[in-house]
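In listed order, ligands and their atoms are each counted from 1. Side-chain atoms are counted along with the backbone in the values below, which use heavy atoms only and exclude waters and symmetry mates.
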Amino acid sequence: MARVVVTRRLPDGGLDPLVAAGHEVVARDDDTPFTHDELCAAARESDAIVCLLTDRIDADVLDAGVAGGRLRVVANVAVGYDNIDVRAAAERGIAVTNTPGVLDETTADLAFLLILGAARLASDAERDLRTGVWDGWEITEYLGVDVHGATLGIVGFGRIGQAVARRASGFGMQVRHHTRRDTGIPGWTDDLDGLCAASDFVSLHTPLTDETRHLIDARRLALMKPTAVLVNTARGPVVDEAALADALHEGRLFAAGIDVYEREPEVHPRLLTAPRAMLLPHLGSASVATRVRMAHLACEGALAVLAGTTPPNLVHP
Ligand code: DGY
């Protein structure tokens, strides 16, 4: 029987696969994130850690796992794994797993919500209604931009980017996409600058890596049309948040739909006050069914490693 520490509260039933396998599951009712020291203690005293993207699993935590002599797997309940030093884990013989494939459609739904909501100024308009600012229909108020028929540039064309493209075709959008390597799919371009300049909507679906940090910076924002909308459901640091806030405040970009932030849960104060910004609290995958599927897939990854097999959701450095 292995000892599995789960760093935060998971959706009801999320840990069922681990429990059914008969392992000692140390789950928490408390939903405050572990401190770094608590993560180290968990690594020292367990065979597996099931963690969330709010847990920074760095070399120190992994070293604690090595010192404890037990830790074999870190199972992240997220598809993104920039919170884990995957290379350091591999060097120490500790497996890392993630949750690909189970949250694509839910996250794409959310990206499309942001495309529509930002384009139609839904956040600003709802705030005005709730705060009593709205005083009746006017023909010149809340004028957004059309989604139907517009050009959508998708940056990163993995499963989620492709799921967004499917939705976009239902809206009659012209879809182009950028990845570094040719996807062989119509609409591909290697020219990110050109994609930014030509698109009415740019939606980001890249993982966070050294190459994608601030991929959308002040220079690329300046290339975008003043009527364009930027949507980010990937990772906050892919966008220079201060530069985005400036572009919105100065009217150089029409609108933004943002679900992820550079320093979560902090949001750049100028982004919070920016006009035409629809801001959501990192809820891309937040449907009941998807969050349970994510938890189960994380458990299955941990179980496979504990059983000495290679899980399909093993992350390679
Ligand atoms: C992920 O899985 O990486 C998301 O950001 C949270 O669902």
Inset, instruction - State which residues pass side chain to side chain contact (heavy atoms under 4.5 Å, CB included) with Asp210; sequence neighbours excluded, sorted by chain then number. - result: none
Legend entry - Flag side-chain contact, heavy atom, 4.5 Å: Leu244 against Ile216: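 They are not in contact (no side-chain heavy atoms under 4.5 Å apart), so the answer is no.
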Taking only distance into account, with no hydrogens and no angle test, what donor-acceptor pairs under 3.5 Å do side-chain atoms of residues 294-309 form with protein atoms, sequence neighbours excluded?
unit_1, atom_1, unit_2, atom_2, d
His296, NE2, Gly13, O, 2.8
Thr309, OG1, Ala304, O, 3.0

Legend entry - Residues forming a ring-ring contact (aromatic ring centres under 6.0 Å, His included) with Phe201, sequence neighbours excluded: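 Not a single residue meets the ring-ring contact (aromatic ring centres under 6.0 Å, His included) criterion with Phe201.
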Inset, instruction - Give a yes or no on whether a salt bridge exists between Asp109 and Arg167, defined as a side-chain N under 4.0 angstrom from a carboxylate O. - result: yes
Legend entry - Neighbouring residues of ligand 1, heavy-atom cut-off under 4.0 Å: Leu53, Ala78, Val79, Gly80, Leu103, Arg235, His282, Ser285, Met294
Legend entry - Residue Asp193 excluded, over 12 heavy atoms near CG under 6.0 Å: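 Check passes, neighbour count above 12.
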